[in-house]
There are 2 protein chains.
Amino acid sequence: MNIKQAAQASGLPAKTIRYYEDIGLIAPLRSANGYRQFRDSDLHKLTFLGRARSLGFSIGECRDLLALYEDRDRASADVKRIARQHLDQIDAKIAELQQMRATLARLTDACAGDERPDCPILQDLACAGTDTR
Amino acid sequence: MNIKQAAQASGLPAKTIRYYEDIGLIAPLRSANGYRQFRDSDLHKLTFLGRARSLGFSIGECRDLLALYEDRDRASADVKRIARQHLDQIDAKIAELQQMRATLARLTDACAGDERPDCPILQDLACAGTDTR
DNA sequence: GATAGGGCTTCCATTTACTGGAAGGTCAAG
DNA sequence: CTTGACCTTCCAGTAAATGGAAGCCCTATC
């Protein structure tokens, strides 16, 4: 199976698949003409990677997860630890964004949004110390 | 005022301030020895930038906001439009993260996290089609 | 006058996870 | 035998800094 089929089957762009080989996440075979040949196991890994990335795992985390995936003697605790760490990071990011959102919503609500130059948004940005609440 | 004082006053690292000059966000004067000299207006801009970045505005958005900040004839509608666009992006990002969070929480809850190899997290990653709910 | 230190300068490399594009080899169809 | 689709590698660029090296500048001290 060539790279285009692998891309369609895994849902990843061919460019990304080449990149994943580059950084050592996968190692497809090569046929005589130099084309990559994807086995079922390669496809499984690509699907795995696409799914893990879509859940926000970093490439480093994906590498670790893939190693555990390959290791029939793994402990599920190792997987769970990585997942929980990532969950904590997601929670932190959500909290940060919600904080931003709250401030920004307050400012946009306060802004008239007309042709006049007065703008609480700019006022806040220029001087965060002067509380515009 | 030299860069170190400007950094302390604005809360931005000196490296970041040099970078902001590099990309044309600020233009501090130079003294005879080549050192950057920061005026009050430079400090105001740096504070503005730090605040805008902390609200998640991109450098491009910061550039636009800074131009509006400088423009005494601006319409607040222009500012509000940028802010609302950004607010929508934040909302989209939050929704995406919450979706990830929900899936990941479900999986980690289902994982025993012990020394055994069986792991619903890996199962899901390997085969998203096989719903593990 | 020499030197030590802290601060300043520029420039280059690295980070994340790709993505775009150029130059060129391979293969099947007509 | 040429066309077009597919494949290859390599180089560059993205966002927003950050780290580090090599080397001025300035002040204080010996």
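Every chain is numbered from 1, with letters handed out A, B, ... down the list of sequences.
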When you measure from the side-chain N and O atoms of A/Thr16 to the phosphate of C/dA17, is any distance below 4.0 Å, counting only OP1 and OP2? no
Upstream residue (5' side of DNA chain C) when A/Tyr35 and A/Tyr19 are each assigned their closest nucleotide: A/Tyr19
Provide, to the nearest angstrom, the distance between the CZ atom belonging to B/Arg63 and the C1' atom belonging to D/dA16. 12 Å
To the nearest angstrom, how far is B/Ile59 atom CD1 from D/dG13 atom P? 19 Å
Polar side chain donor-acceptor pair, A/Asp114 to B/Ser76, under 3.5 angstrom: yes
Protein-nucleotide distance (A/Asp22, atom CG; D/dC10, atom C1'), rounded to Å: 10 Å
Sugar-phosphate, base or nothing in reach of B/Ile3, heavy atoms under 4.0 Å: sugar-phosphate
Report the residue (B/Asn33 or B/Lys15) whose heavy-atom-nearest nucleotide on DNA chain D is the more 5′ of the two. B/Lys15
With a non-hydrogen cut-off below 4.0 angstrom, is A/Phe57 in contact with a base, only sugar-phosphate, or nothing? nothing
Distance (rounded to the nearest 0.5 Å) between A/Ile90 CD1 and B/Glu96 CD: 9.5 Å
Would you say B/Tyr35 and B/Leu12 are hydrophobically clustered, going by side-chain heavy atoms of ILVMFWY under 4.5 Å? no
If the cut-off is 4.0 Å, is B/Arg30 near the phosphate of C/dT10, judged by side-chain N/O to OP1 or OP2? yes
Within the structure shown, what part of the strands sits under 4.0 Å from B/Arg36 by heavy-atom distance: base, sugar-phosphate, or nothing? sugar-phosphate
What integer distance in Å separates B/Gln37:CD from C/dC8:P? 10 Å
Whole angstrom value for the distance that separates P of D/dG13 from CD1 of B/Ile23: 17 Å
Separation of D/dC26 C1' from B/Asn2 CG (nearest whole Å): 11 Å
Whole Å only: how far is the CZ atom of B/Arg18 from the C1' atom of D/dA16? 16 Å
Report which part of the nucleic acid B/Arg53 touches: base, sugar-phosphate, or nothing (heavy-atom distance under 4.0 Å, all strands). sugar-phosphate
For B/Arg116, does the CZ atom have more than 12 heavy-atom neighbours from other residues, nucleotides or ligands under 6.0 Å away? no
Under 4.0 Å, counting only non-hydrogen atoms across every strand here, what does B/Lys4 touch: a base, just sugar-phosphate, or nothing? sugar-phosphate
Without decimals, in angstroms, what is the distance between B/Leu25 CG and D/dA16 P? 10 Å
Applying the 4.5 Å side-chain criterion to the ILVMFWY set and letting contacts propagate, would A/Tyr20 and A/Leu29 be lumped into a single cluster? no
